[in-house]
Amino acid sequence: MNLLGIPWIRAALRSRFYPAAFQWTTAAAFMLVLGMALFATNNAGQNFGMALAWTVWWPLLPLSFVFVGRFWCAVCPLAWLSDQVQRAVGVRLSPPRVLVRYGPWVMAALFLFVTYLDLTWEFDGDARKTGYLLLALLCVVVFFGAFLERRTFCRYACFVGAFASNYSRAGMLELRADPGRCRHCRTSDCSRGTASMPGCPVFLFAPAVEDSGTCHLCGNCIKNCPHDAIRISPRLPTAELWSVPQPRLPDVVLVTTVMGMVLIEQAAALPLWNPLVEQTGALLHLDPYASYPFIHGFLVTMFMLAPLAGLAVASLASTVLDGTVRPAMVLQNSMAFGYAMIPLALASHVALGLHRLLGWSRSIPFAFLAMMDRFPAENHAAWLPNPTVCRIEMVVLTLGIAGSWYSAWRIAKRHARRRPLAACLPHALLLLGVLAVNLYAVSEL
Amino acid sequence: MVAALLYIVLARSAAAGGNYVLTAELPATLRKGAPATLLLHVHRGAQPVDHLVACLATAPLFISMEDALDTTPANGIDLGVGPEPGLQAVCSMAIAGVPGGPGIYAFTWEPDTAGRVNLKFTAGAGAITVPADVDSAPPSPVILAVFAVFVALVLSLAAYVRHRWPEAAAAP
């Protein structure tokens, strides 16, 4: 089914107001968030910009990748700013080779860095720190937009892109080109652009697109293609993960890292967190409070490495059970089965976001009122009672484990040499372990 | 530093071991995210018996109303409601070295939705409550200046390069 066959969708995506109208809206929202983060109250609970950013946008972001792929990237205000800077003063140099080659690692490293800053210094609870983070992002985006062509930042350096890529692969939407119609194309307008419309901002050539990890759904190729070869189709969630043509190590490292990030965010809200910090301090011979950033950094590292280590062990067991034990096979196994972790990582990320969205979202009208110096007596911030939120999170996690298990089974059938079920089993157990930890955290929150 | 301590509250309280006079000094406005120093003097009659210099390591930051009422310490430095473990650890660090005085200084922090806080100290059976407004520190002018200069430099340099080598910039 091609969604572009539906007249109003086709008209909307070919309109010159797409994605511009969305970009103007998000750019205005971004300015509001930045202004309030820098100049309004530092109390996140009373700062409307902070509520918009951390209680609405951040929790909804992973969910959006499931339903509409990387649509957010098409309407991202930073990408829009980069385009404007480029139009005004852009030098449009090609991206450096090192960035092209190591882009996924750069994104992964930036994601880890920002996550560490957020978790250790609680950026989401401090308006000024959020403001400084946004200013730093603006600096980087302005630099990239001024000197490098297209959306080099989005493609090779954006930390949101790091997990957006993986999540979109598990999503329900794909953009592809019809190879039959592209065969005779001599202009490559989808990639190069035309006089009236730039080409693909993230350097894609539509006929070569094999996954949904990079495409932003900006619609440029749809407008540019003279052969009407582009289609946007719904698909089964996780379907793309069953047969990834060229598994990449950074993707797998990122998905395990995201799992670790969710786990540590949940752990930090549990009663066991303080004893854990104190014991870690004792283990490292550090004062748990004076050296908190270091201890927290250590814990973040451990939490993020744990799922990766689990994957390595499961892969070793998987290759042994499949009867093909060689170091290269273990790595290959890890890279293939790592994609099966994406649905569960996505589900745990969404569940964490729902906890915030459903648990705190009433703070948005409170923050709006606080902006006008009005403080209602009724100050319960949750839309739904905690047990209901907990049940919703558990349903999301159940869907995630179902997607992960099925993906693992499909990957096993594709990659296992002798015994697919045996090769799948260690990974299924690893996923079960991660699910159990998530369920425990959700039930305790 | 003394000049910075704008707000002085006197409270007399009767403790089990005699009459204590508690005097607290702290800035009239605490700024969220910025450290503040608090001085608590304890006198019996005219004689000072103890003093406390507590560093409110970071004034509290509440993400939501629930968070404000949550006694779980966030990272050991924000002060929630009630005698929470993280709070005590901070206080014990802050009062380390203070000679034995009237007793343990129970220290509570009561936020309200209007952004005010009431700091309550207990010495023996006596107590003092110090109200304070909580305001936000303005953004760092250094960071804002660095941002403005960086952006201006980048844009100027790019504009110059584009003007000087237009053919390079014209490439798709």
Side-chain angles (χ1 to χ4, degrees), chain A residues 38-46 50 54-55 85 88-94 120-122 124-129 131-132 135-136 138-139 142-143 146-147 149 192-193 198-199 268-269 271 273-274 277-278 287-290 292 296 359-360 362-363 366 370 375-377 379-382, chain B residues 31-34 57-70 72-78 84-86 89-90 92-93 111-115 134-140 143-144 146-148 150-165 168-172:
Chain A
L38 287 174
F39 300 106
T41 174
N42 202 9
N43 188 337
Q46 295 167 6
M50 292 289 286
W54 294 112
T55 311
V85 169
V89 297
V91 180
R92 297 193 173 97
L93 301 172
S94 297
T120 306
W121 279 282
E122 299 193 326
D124 54 355
D126 188 325
R128 296 292 176 272
K129 288 175 188 167
Y132 299 151
L135 287 182
L138 279 179
C139 285
V142 166
F143 179 84
F147 290 107
E149 65 172 329
R192 292 181 180 172
W273 182 248
N274 269 1
V277 170
E278 283 165 8
D287 183 288
Y289 296 99
Y292 189 79
H296 201 189
W360 296 357
R362 285 186 71 194
S363 64
F366 296 153
F375 301 95
N379 58 13
H380 189 65
Chain B
R31 286 187 160 167
K32 288 174 180 134
T58 302
L61 300 164
F62 302 118
I63 291 167
S64 66
M65 302 306 164
E66 267 75 2
D67 190 33
L69 300 171
D70 181 12
T72 307
N75 58 13
I77 56 171
D78 77 334
E84 60 183 32
V90 171
S92 67
M93 280 169 51
D112 63 25
T113 54
V134 179
D135 195 5
S136 302
S140 159
I143 291 179
L144 293 182
V146 167
F147 170 74
F150 179 85
V151 169
L153 271 179
V154 166
L155 294 179
S156 309
L157 186 60
Y160 171 74
V161 170
R162 189 152 122 157
H163 173 73
R164 182 73 178 77
W165 294 281

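Order of the sequence lines fixes the chain letters, A, B, ..., with proteins taken first and strands second; residue numbering starts at 1 for each chain.
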Of the listed A:Cys139, A:Ala146, A:Pro198, the one with the largest count of heavy-atom pairs under 4.5 Å with chain B is A:Cys139
Between the CZ atom in B:Phe150 and the CG atom in A:Leu138, the distance rounded to the nearest 0.5 Å is 11.0 Å
Under 4.5 Å to a heavy atom of chain B? For A:Ala136 that would be neither
Okay, B:Ser140 and chain A: the region with an atom under 4.5 Å from a heavy atom over there is both
TODO: Carefully, step by step, assess A:Val85 and A:Phe143 under the rule side chain to side chain contact (heavy atoms under 4.5 Å, CB included).
DONE: CA-CA 9 Å; A:Val85 169; A:Phe143 179 84; over 6 Å; no
Might you work through the side chain to side chain contact (heavy atoms under 4.5 Å, CB included) test for A:Val91 and B:Trp165, ending with a clear yes or no?
-> CA-CA 9 Å; A:Val91 180; B:Trp165 294 281; over 6 Å; no
Those residues at least two apart in sequence (or on a different chain) that pass side chain to side chain contact (heavy atoms under 4.5 Å, CB included) with B:Pro139 are A:Leu38, A:Phe39, A:Arg128, A:Tyr132, B:Leu144
